[in-house]
Structures are given as structure tokens and as C-alpha cells.
Amino acid sequence: MSEILIRAALEGVLREMGVQEAEIRLERPRDPAHGDWATNVALSLASRLGRSPRDLAEEMVRNLDLAAAGADRVEVAGPGFLNFHLSAGAVAGILPHILLRDQDFGRGDQGGGQSVMVEFVSANPTGPLHLGHGRQAALGDAISSLLEWTGWAVHREFYYNDTGSQMDLLARSVWARYQELLGLEAEIPEGGYQGEYVRDLASRLLEEVADRYRGDSSPETLDKMRELAVRILREEQDRDLEEFRVAFDEYYLESSLYADGRVESTVQALQETGFVYDRDEALWLRTTDFGDQKDRVMVRRDGTPTYFLADVAYHLTKWERGFRHAINLHGSDHHGTVTRVRAGLQALGLPEGYPEYVLHQMVTVEREGREVRFSKRSGSYTTLRELCAEVGVDVARYFFLMRKPEAHLVFDLDVAMDQSEKNPVYKIQYAHARMCSIFRKAGVEEDDIRCEGLDLGGLSHPLERELAKQLAGFPEILERAAASRAPHVLCEFLEQTANAVNSWYHAGNPSRDPELAVLAADPGIRGARLALARAVRIVLRNGLGVLGVSAPVRMERSEEEEHA
RNA sequence: GCGCCUGUAGCUCAGCUGGAUAGAGCAUCGGCCUUCUAAGCCGAGGGUCCCAGGUUCGAGUCCUGGCAGGCGCGCCA
């Protein structure tokens, strides 16, 4: 709002001074003494115009239309910055806009309605989801939402790697536990699955087929074991994801690529490109032509296709299904696949850099300063389900999102389980609930709070100005977070917003300064503050919604703490 | 050895396309509760931004070279 007015005023001044093209960058100074908005445009133009920055800045100030820019005053500072101090009315000018847009405040159209596929989780159906999957589920879903909020048509997809040696290991692990239940000696194969859930799968199998496969390790039996294990584990993963509030538009099965001949047609297409050669009886793709460190095998000596080939076939379907933009989320241990998959696709004529990757580091859990180890293959790992049971879905999702994806995540259980405002999730939710509480106390319906007829210029206290400015920055934050695929930017914003809200709210506590209470005696200021409170509620609710975190209208105090 | 990621306060981390005195939370210390819910509030201390060069009016941010940690380098997925 105010930013647009200032920009227009600056452009006007520069035009008068004969400067046609200038990139005007406005920023919000950290130091309040530097005003509400600042620009370095005089510094960046100085050398081009052969003048001193301060000189230039001073001339600009003399010619500037203050009122049109919504500013009370403009100062030249430091080496030649222009600092704009806005009028209270200009700062609060964002409020009518926020209230009008309501659920849609923050939405943008940067994507222009283009479609984009976001692939995430993509766990093998070989066990329950662990915390790495949880982080990826939270990230993928939040990035998808950010894209939706910035004008993209998002398709959320889960790729099931339901083929290959891991599946065989799973089947043989289940087989071993099944034989054990029948009192026979059997061992989990090397590198097999040791987890408790494998025993559960065996028990389920026993219920269904009794001892029909006693001592029988024929391929048909192992197929049966695999089938059952995959079915049950997929159901379990689906249920976990549903409870984690993540929904997919499509589940794509790796096995279907074999069934419908796509793997075969892809290898044929690649063979026509000239990037393919035979060596040691295997079929290779010259991925080094596209920056890979070494060439890759597509078809093994025994004639079976590699995972790599299926991966290329799979990503080709994304392009063929019309997705000109595709984002893949993977653990950073998969970064080796990035170049080779892109290489395969480039060989087929797809553009460089397709698909885009967001790689995230692993999660470790700490409790009382001690690391809690978990490892999928060893079988003693913390599952997403267990974590959610402990801290709740809201906290789990937020904690997974609050750090940038490429940084290792330490999940601090002590903070996560704290229900005070030390926990950032609760801090934000409290701020939201407080606004709702004020509406109840005031006896007004939220939707009836409007800006018409109010003097928003009454919101002149520094805490109110800060808060209104903070709220105004929400759309830009969403845009930035979406463009950089970085939900943590939004977390940071919401936490800052909650800080500003809570400072403002507490300043009006009767024990401190009742004059600053939202529900002040004066009807004019009371109305303006209610409008600000509603705007706060809108921004926090929309922001939490993007992250998939709930925005409660009241916070329930648990029994034990009630009596504490 | 090669490649990717990370290195900022005691701890966990922000820092947008290079901008003014590097920020937050936790922890520590000091002050404060019969509350628009004190599950909190106000304030203070705390930094060679891993190191060394370079580009720039200006570098935590960009470039080069190191150091440290994580991950990857299968005819596994």
C-alpha cells in the first residue's frame, strides 16, 4: 500500500530530474529511527549522474510530494539514504484492504495459473513413515500451499517405489518372522528388515492364511508375502499421512511403469538419441555428456532395468502429463540422482534443470540434551506416528518447517512438548486465540468489524504502527517463501508477528496501561483497535493455514496445569 | 580423491535480490503478577559472522583458496 505510493512519488521526482530508468528499491529499516521505509536510490544513481549521493538525495527531498507519498516527513541520512516517516493513517491504510480480502489476504498471482507438480514423501512401502518422511511431508505440503497461494495450480504426487530388491528383502523378512511364529528356525536375511512391524505383518499373515506356507519358500509364496506386506504398509502410511493432514492428488506406482511398457519405451527412445552404448553386456547412458560424474547403467547384464531407468521413465511422464514445472523433494542423501535423472531427460530433449529439486537434511531428535537415535534399517527408529502422539500434529509440522530444508534439523522434544509461549507454535496460536478472545469479550461478531467510518489515524502508538507494518508485509513474505521454496521464511514471519501482537496486547493490560487496551473506553479508538485485532487474526490464521497448522479460537488449559 | 550441502551469541537458528550500530528464541542475570487468560511482561549482558585473500563507496551476503562437519560417489533404491 504505502510502498506503492512512495514508489510512485519517487518515480515522479526522478522523472522531473530527467532520470527515466531507475531501479527503486524500498526496504524496511531495522532501526525505527530510520523511518518506515528507506531507499538507497540516490546512492545507486550517484555515480551514473556524476553527483554526490547526498546532494542528489537532498534535491529529491526538495521536490518530493510528501502528502502523495503518505509521509509525514522524509530525511536524508547516512551516506545518502532517503528515510520516509509515514503518517499514522498511511501505516494503518493496509487495514481496510486486509479486512476486505479476509481469507484471501496474502494471495498473489505470480504463477499465473500454471501447473506445477510437487512430488514428495515417495517412501518405499517397506515400513512405517519415519521422521525424515515427516519433514518431507510437511515441507512438500507447505511448499505446495505456498505455490497455491501465489497463483499456481499444484498437483501433489507420491511415487511408490514398489519394485526391486528392497521389496524382495521385505518379503523374505516377513517370511522369516512368519516361520518363527510357526515355531521354525528362520533368519532375517542380511540387510533385511528387523523392525517390530515385520512381526506384526507376520501375525497378520498368520491370521489370514494360518500355516499354509509353513516351510514353503517358493517364489509364489514370497510374492504373496510381498503383496500382503505392501498392502498393509501402504494402508498404514496412508493413515499416518491423513492424520498428519497431508493429502495427495495422485499416487504413482513404479510397478505401473513396467506394466504399461513405459520403461521399455523409454529405453527405446533413449537408444535413438545416440547417447547409449553397450559395455560389459550392459546398456549404458552417457550421462557424462550432461555433467554427470560417470555414465550410468540402464539395463543390467542380466537384462533387468535399473532404478535409474525407471526414474527417467517416471519423470518423462511428468513432462508428458503436461507439467512444465516439477519440484521434487528428497532427502539430501539422494542428491547423487539429481544430475543423472536430469541427464536422462535432457538426452530425450527436455530442458536443462528439469525437474527442480529441494533436498532436505535429516532429522535428529533430542530429549534432555541427549540424542535419540533412530534408523530405518536397524528397526529401532522413531516413527512419525509416535512423534505426533507425543507432541501433536501442529507442533510436529511447524518444527519440521521452521528450519531451512538444506540444514540439519534438531528436533528438540523438550521445547516441542512445552505448552508455554517458549514454544513458537503455542506463541503464535496464543496470539491468534487472544484476538478471538477479545472479540468475544467485546461481544462483536468478527465479520461485523469493519473499517468504514473509523479514524485509523488513531493507531499512532509505536506498537500499533509496528504491528500494522508487519501485517502489511504478509503478501510479500508469501511471495518470497514460495519463490525460494522456503516455508521457514513464513515461520519466521509468523513468529515475529506473534511477538509484535503479544507486545501490543500486553501493553494494554490493566496492570500496565489501560489506555492501550484494545477495548478502550473511547469508541473511536476502540473501533480502530478492533479492526487491527481482526487484521491480526486474518494474517495469523491465513499464515498458519499455509503451513497446515491449526489456528484455535481459544486455547484450552489442560487439567494438570489448571491445578498446578 | 571427486561432487553437493552446512559453518553467525553458551545452545538451536534467522538474516530478502550486497546497505546504515549483525537479529530472534532458549539459557543466564535483574525487575515485575488479585490478568482485555501471568501458559505472562519489562530490561540487561553476551559475537574474531570458520580462516586468508579479492571485488565494491559499502561484504555475514559475491569471487578465489584453505579448514571443519554431514551426505553422496553400486549393474542398490
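Note that these values count all heavy atoms, side chains included, but never hydrogens, waters or copies made by symmetry. Below, chain A is the first sequence line, B the second, and so on; all start at residue 1. Everything numeric here is computed off the predicted structure, so don't read it as measured data.
For Leu43(A), the side-chain atoms get nearest to G19(B) when compared with the rest of G25(B), A38(B), G19(B). For Glu492(A), the listed nucleotide lying nearest its side chain is A14(B); candidates were C75(B), A14(B), C41(B). Distance from the side chain of Asn161(A) is smallest for A77(B) among the nucleotides G18(B), A77(B), G72(B). Ranking C41(B), C75(B), A77(B) by closeness to the Gln166(A) side chain, first place goes to A77(B). In this structure, the nucleotide among A39(B), A77(B), G72(B) sitting nearest to the side chain of Asp333(A) is G72(B).
Across all their heavy atoms, Pro125(A) and Leu233(A) have their closest contact at O-CD1, 3.3 Å. Heavy atoms only, all atoms of each residue included: Ser332(A) and Gln361(A) are closest at OG-OE1, 3.3 Å.
To the nearest whole angstrom, the two P atoms, one in C29(B) and one in U8(B), are 25 Å apart. G47(B) and C11(B) have their C1' atoms separated by 14 Å, with the value rounded to a whole Å. Nucleotides G43(B) and C50(B), compared at atom P, are 30 Å apart to the nearest Å. Only the P atoms considered, C63(B) is 16 Å distant from U56(B), to the nearest whole Å. Here the separation of A59(B) from U21(B), taken at their P atoms, is 11 Å to the nearest Å. Atom name C1', nucleotides G70(B) and C57(B): the rounded distance is 39 Å, in whole Å. The C1' atoms of A24(B) and A68(B) are separated by 26 Å, rounded to the nearest whole Å.
Contacts with RNA chain B (heavy atom under 4.0 Å) in residues 434-445 of chain A: Ser437(A), Ile438(A), Lys441(A), listed by number. Residues from residues 470-489 of chain A that place a heavy atom under 4.0 Å from any atom of RNA chain B, listed by number: Arg480(A), His488(A).
With a 4.5 Å cut-off on side-chain heavy atoms, Leu222(A) and Asp168(A) do not count as touching.
Distance Leu516(A) CG to C42(B) C1': 14 Å, rounded to the nearest Å. The NE2 atom of His330(A) sits 19 Å away from the P atom of C71(B) (whole-angstrom rounding). Following rounding to the nearest Å, Tyr193(A) (OH) and C76(B) (P) show an atom-to-atom distance of 15 Å. Taking atom CZ of Phe308(A) as the reference point, atom P of C73(B) lies 15 Å away to the nearest angstrom.
Within 6.0 Å of CZ on Arg440(A) lie more than 12 heavy atoms contributed by other residues, nucleotides or ligands. More than 12 heavy atoms of other residues, nucleotides or ligands shown are found within 6.0 angstrom of CD on Glu406(A).
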Every protein N/O within reach of nucleotides 20-22 of chain B N/O, cut-off under 3.5 Å:
| from | atom 1 | to | atom 2 | distance (Å) |
| --- | --- | --- | --- | --- |
| A20(B) | OP2 | Arg30(A) | NH2 | 2.8 |
| A20(B) | N6 | Asn83(A) | OD1 | 2.9 |
| A20(B) | N1 | Asn83(A) | OD1 | 3.2 |
| A20(B) | N1 | Asn83(A) | ND2 | 3.2 |
| U21(B) | O4 | Asp31(A) | OD2 | 3.4 |

What nitrogen or oxygen pairs link the protein and nucleotides 27-32 of chain B at under 3.5 Å?
| from | atom 1 | to | atom 2 | distance (Å) |
| --- | --- | --- | --- | --- |
| A27(B) | OP1 | Lys422(A) | NZ | 3.1 |

Please tabulate the protein-to-nucleotide N/O contacts below 3.5 Å involving nucleotides 1-12 of chain B, giving atom names and distances.
| from | atom 1 | to | atom 2 | distance (Å) |
| --- | --- | --- | --- | --- |
| C2(B) | O2' | Gln293(A) | NE2 | 2.7 |
| G3(B) | O4' | Gln293(A) | NE2 | 3.3 |
| G3(B) | N2 | His335(A) | NE2 | 2.5 |
| C5(B) | O2' | Glu406(A) | O | 3.1 |
| U12(B) | O2' | Arg403(A) | NH2 | 3.0 |

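Here ring pair (Phe, Tyr, Trp, His ring centres under 6.0 Å) pairs that include residues 491-519 of chain A, with residues two or more places apart or in two chains, are Phe474(A)-Phe493(A).
Contact check, Asn509(A) against A38(B): a side-chain N or O comes under 4.0 Å of OP1 or OP2. Contact annotation: Ser420(A) side-chain N/O to G40(B) OP1/OP2 distance is under 4.0 Å. Here Arg512(A) does not reach the OP1 or OP2 of C33(B): none of its side-chain N or O atoms lies under 4.0 Å away. Distances shorter than 4.0 Å separate none of the side-chain N or O atoms of Thr339(A) from OP1 or OP2 on C73(B).
In this structure C11(B) sits in a base pair with G25(B), meeting the Watson-Crick or G-U test at under 3.5 Å. When Watson-Crick and G-U wobble pairs are counted only if both distances are under 3.5 Å, C4(B) pairs with G70(B). Searching all strands for a Watson-Crick or G-U wobble partner of C41(B) with both distances below 3.5 Å returns G31(B).
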